Amino acid sequence: MPGVALFQAVSPKPDLVAQEHDVLALWDARRTFARLRAQNAEGPRWSFLDGPITANNPMGVHHAWGRTYKDLYQRFHAMSGEHQRYQNGFDCQGLWVEVNVERDLGFTSKRDIEAYGIAEFVTLCKQRVLTYAARQTEQSIRLGMWMDWNDPNELRRLHDLLGSDAASVTTIEGPDGPVTDSAEMLVGRLGMPDTGGSYFTFSNENNDLIWGFLAECHRRGWLYKGHDTMPWCARCGTGISQTEMNEGYQDREDPGLTVRLPLPDRPGEALLVWTTTPWTLTSNVAAAVGPNLPYVKVRQGADLLWLGKARLKSALVGPFEVLEERPGRELLGWRYLGPYDELPAVREAFAGGTRDEPGQPYEHRVIEWSEVGEDEGTSIVHIAPGCGAEDFALGKALGLPVIAPLDEAGIVLDGFGSLSGRDVRDVADPVIEHLKREGRFYRVEPYRHRYPHCWRCGTPLVFRLVDEWFISMGPVYDKPRADLSAAEVDASLRYQIMDVVDRIRWIPEFGHDRELDWLRNMQDWMISKKRYWGLALPIYDCAACGTVEVIGGRDELRDRAVEGWDRFEGHTPHRPWVDEVRIDCPGCGAPVERIRDVGNPWLDAGIVPFSTLHYREDPDYWAKWFPADFITESFPGQFRNWFYSMLAMSTVLRREEPFRSIFGYALVFAEDGRQMHKSWGNAIEFDEAADRMGVDVMRWMFAKARPEENIAFGWHAADEARRELLVLWNVYSFFVTYARLAGWTPTEGIGDAIERAGTWSVLDRWILSRAAGLAADVGARLHEVDAVAATRAIGAFIDDLSTWFLRRSRGRMRAGANPGDRDAAFASLHAALVSLIRTMAPILPFLTEAMYQNLVVSVVPALPDSVHLTEWPAAVMAPHRDEPLERSMATVRRAVELARTLRAQSGMRTRQPLARAWLAVPDRGMTLDEAMLGLFADEVNVKSVEVIADGSDLLDRRVKPLLPRIGKRLGAAIPSIMTAAREGSVEFHPDGSVTLAGVTLGPDDVEVQATPRPGTAVAEDDGLVIVLDTELSPALVAEGDARELARAVQDLRRAAGLQLDDRIDLWVEGLPEGIAPHLEAVAGDTLAEIADGQAPSDATSAELVLGGGTVRIAVRRAPG
RNA sequence: GGGGGAGUAGCCCAGUUGGUUAGAGGCGCCGAGCUUAUACCUCGGAAGUCGGUGGUUCGAGUCCACCCUCCCCUACCA
């Protein structure tokens, strides 16, 4: 076919990584993604909302799992013609960025930050975000993720300008033209419609809308300042919310310290209390007992000690004598001497007395607490309201004094004697020393327990009395949700959120229960943090009159500002600039400053369904894209983080679900089954994985992984995934090789096949039917967010394509094959491959694109120039579907397997032709026509196949009693019945009943199975019976030998490194008589001329044993 | 501490309302076969006291009790 372009030659061993880079360049050059968006611009909307990735470090392979899903579902929906937003998101604000910036600067405390300057520090935080946003953008592009990306170099330019002169005016290219502003404000405007690109949660709009949300919470009375003892990280100088607490539990060893507290009214007697936090003893206020628990007084030497009876053996050291037993209630009110009564802080706190007895100084006493248990310590609990939440609640209920010993950095405050000024982590030993000196020490021993740590920096938390801001979640009612009245739901945000959760499709389903469970147990949401880089909480708490005002947006702030607006204007709404603004107190008119706290970062991510969809500035747009059709993130953790914050905020603002369906997946682990850790040497960086395994291999692994289970990610798993893809590549490479040799090209893509396939052979029609079925199946699966089933179906298809279609069609594509049949083979294989790669394109965008370029673009230029611009192939392939044909083919293939098993059992190699096979096919409305039988005959190498009606003569009948039916009835007779069945001692009766071991069972009680009679070449499977005629005539033997010879010649060709179409000279020496007639055929198959005489020395030679004699063969490329 | 889940072949694991010979699948191993798609594929095989102990039953991987180990969720008990 002169003048027609051929396929490009393909290496059988592809460099997948290099190929991926070529494809990226191709997409770039052809603006493929932009054209896809244009192509779908009028299509139905599919709203995907990207959960923001924290722009704080390079992306890891665990991100690649989620991003694979995000990209593959976006690509799939694009192939269905759907219009999408393609907006990636970066999470920008919060402690995690601060901690890294601090580390870079070598800072160890908040004081360092203050000294450095908050403005400078915040700028560094912004810069860090821009740095890693640029980096992650590049990595995501490398992964093949199609999003509306910013130019990473523009992000880096803004980074630099922020550092050198944030106020300098510059211009960036937006989707609708250039946008000019100061560098700082451009950074604050990233992701908006005029600037385009990814959204950044530090953006002005994002912060502004959170202000609006908080103002709404305030309007409804849900925002409040709490005064409470909270978990606190002394290193970070910030309170830790309930959400964050859950992330940070670790095992830790603390001193388990038992202390004697003398009872002045009972000379010589003392209470024993136990604590794992010695520093809190400074702030001891009371000792709690369980009123109904038994307590005892024991004598140890001169000591008289009180403790819980149940704790005697474990709490005491050494021998003891029990003197007295009393219930806890009889101990109530006892005065005792505290461990640190002499401290000024203690005296001062106690001087005011209690709420109920304000006149006289408070003294330590025994109080009642129902929560006191008998499992640990002494059953007398040390109570320090300034150092524990439960202690605080108890103290509050009883009106007890509160002693708060720590400042925000965990340093002991003044008034604590020699402990003052020391770090809370270093005071355990001084406390113990003090107790020993005072005669209060009883014992200390290491105690291991799970203890909360800071999720970010790993510091053990302390409990500290602080003011923090909360959003109330509303009451928890003690009854089922179904019984709640509308008024009760209206009064409780948590139940409103639950109703929203019910409207969402959770995949996997357990997510629904998890979220509800979290909401049930959720305490009020602590949204404040005493830090620097984050959402500036727009709360104005009047020191003069106590009025709290919450500002709902930047414009409102400008209107309300009484001073400092000029110093804020031109800046993003961050500290320290926004702190300059004061408003007038609506209560008393005094100028009020913003509280200095920043916001919980999940507020930043939670507002995204509003901020990124332009809820305020373009309500029509928002209404079109809200709620999102789909989000996907890793499940662990997000129930209480992103999912929760989105649900809470959307419920407050709209009482609507922010997304319709959510797909969750688990965690990426290393191949050794452990979490990846750099220090364990089992971590794999994303860039390394991309460079070494290639991103398609990674995507294939991720798409195949069961999302509800952690994935074991590593090089071996990657090799396995690559092998699967290489099978496809081999088919492709084979196809291209032979199509080139034959000069075959399609004229209209898969249209060739659609036009003419009706007349093609069963193999062709079968593979096209399979391809059609695959496209339909994978489409349905991906619609259901089931990538596992999709990849499984694809894998099975590739296997069919390679091991059956191509295996049986290879001869059809060789030189000398029937031209019409050969073209049909090429056309059907080509169509199947093209349909397949379109079906795989969302999952494997690079491999499929590379193949598409060659299979389609290089030969049919009129078609779309990217596989990603083609439509989902299910519809166009549907006419090829022929399910009866697929069922028949499955039977043939099963028959082939049985025949192979038979050959193996009888030691009859497949190369040896046999005269006949008999085949009995179970009657399931299935017939095997000539062509099907021909496939079977060719594959198992038999001269003829005869279909017999019934294979039962060849088989033994065995009886399998159906135990679930007869077991209950026959009881103890079962063993003998089963033995009889196993041994075949069966009596069959005409009505279908049988007798076994003297027991007659009805036809329904047994299953009669056919098994091959031992010693015959018969195989059976579910009614399919195969018999081989293993009688060998001399002619058959000779034919087998000839095939053996041909095989040997082919091996030699390969050993000699010859090309597929090289012609050879062939020398054969010592050929047995009988084979001679076949020699010409062998020569034909191997492109050989039979040469006479001695083989030359430069020929490649070998020996083989044929018909009992040694045959020597040699080959050499024919000259010319 | 509370709640839930899991322990089956060298490894990852399936195992229906209890049914007698414990296996679908994947990796690995051994053997054979097929093939110029040349370490791809196919067929066959080996190997397990089903975490332990006791119980119910004609019969237990499966049900019950206790114990051991691991994981997840949850929890500021001192």
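Values below: all heavy atoms of this structure, side chains included; hydrogens, waters and symmetry mates excluded. For clarity, every value in this text was computed on a predicted model and none was experimentally measured. Chain identifiers are assigned alphabetically (A, B, ...) following the order of the sequence lines, protein sequences preceding nucleic acid strands; residue numbering begins at 1 within each chain.
In this structure, rC77(B) makes no Watson-Crick or G-U wobble pair, since no nucleotide meets both defining distances under 3.5 angstrom. Within the shown strands, rC68(B) is the pairing partner of rG7(B) under the Watson-Crick or G-U definition, both distances less than 3.5 Å.
Qualifying side-chain hydrogen bond (donor to acceptor under 3.5 Å, both in side chains) partners for R1117(A), counting only residues two or more places apart in sequence or in other chains: D1062(A). Residues meeting the salt bridge (Lys or Arg N to Asp or Glu O under 4.0 Å) test with E368(A), sequence neighbours left out: none. With sequence neighbours left out, R1043(A) forms a salt bridge (Lys or Arg N to Asp or Glu O under 4.0 Å) with no residue at all. With sequence neighbours excluded, the residues forming a salt bridge (Lys or Arg N to Asp or Glu O under 4.0 Å) with D1051(A) are R1047(A), listed by chain and number. The side-chain hydrogen bond (donor to acceptor under 3.5 Å, both in side chains) test applied to R464(A) returns no partner, not counting sequence neighbours.
Across rU16(B) and rC77(B), the matching P atoms stand 38 Å from one another, rounded to whole Å. rG18(B) and rC63(B) are spaced 8 Å apart, taking the P atom of each and rounding to whole Å.
Pairs passing the salt bridge (Lys or Arg N to Asp or Glu O under 4.0 Å) check and including a residue from residues 508-519 of chain A, sequence neighbours excluded, read D517(A)-R520(A).
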Report each atom pair, protein N/O against N/O of nucleotides 23-28 of chain B, whose distance is under 3.5 angstrom.
| from | atom 1 | to | atom 2 | distance (Å) |
| --- | --- | --- | --- | --- |
| rG26(B) | O2' | E720(A) | OE2 | 3.3 |

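Side-chain proximity of T275(A) to rA78(B), rU74(B), rA37(B): nearest is rA78(B).
Phosphate proximity of rU35(B) to R1043(A): present, with a side-chain N or O under 4.0 Å from OP1 or OP2. Taking side-chain N and O atoms only, R909(A) has a distance below 4.0 Å to OP1 or OP2 of rG33(B).
For the residue pair T280(A) and S283(A), no side-chain donor N or O sits within less than 3.5 Å of a side-chain acceptor on the partner.
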Donor-acceptor list for residues 793-802 of chain A side chains, cut-off 3.5 Å, not counting sequence neighbours:
| from | atom 1 | to | atom 2 | distance (Å) |
| --- | --- | --- | --- | --- |
| D800(A) | OD1 | R893(A) | NH1 | 2.7 |
| D800(A) | OD2 | R770(A) | NE | 2.8 |
| D800(A) | OD2 | R770(A) | NH2 | 2.8 |

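With hydrogens and angles ignored, a donor-acceptor pair closer than 3.5 Å exists between the side chain of S802(A) and the base of rA37(B).
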*How does each nucleotide of nucleotides 11-19 of chain B score, in 5' to 3' order, for protein heavy atoms under 4.0 Å: base (B), sugar-phosphate only (S), or none (-)?*
--------B
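In this structure, T277(A) contributes its side chain and W279(A) its backbone to no donor-acceptor pair below 3.5 Å.
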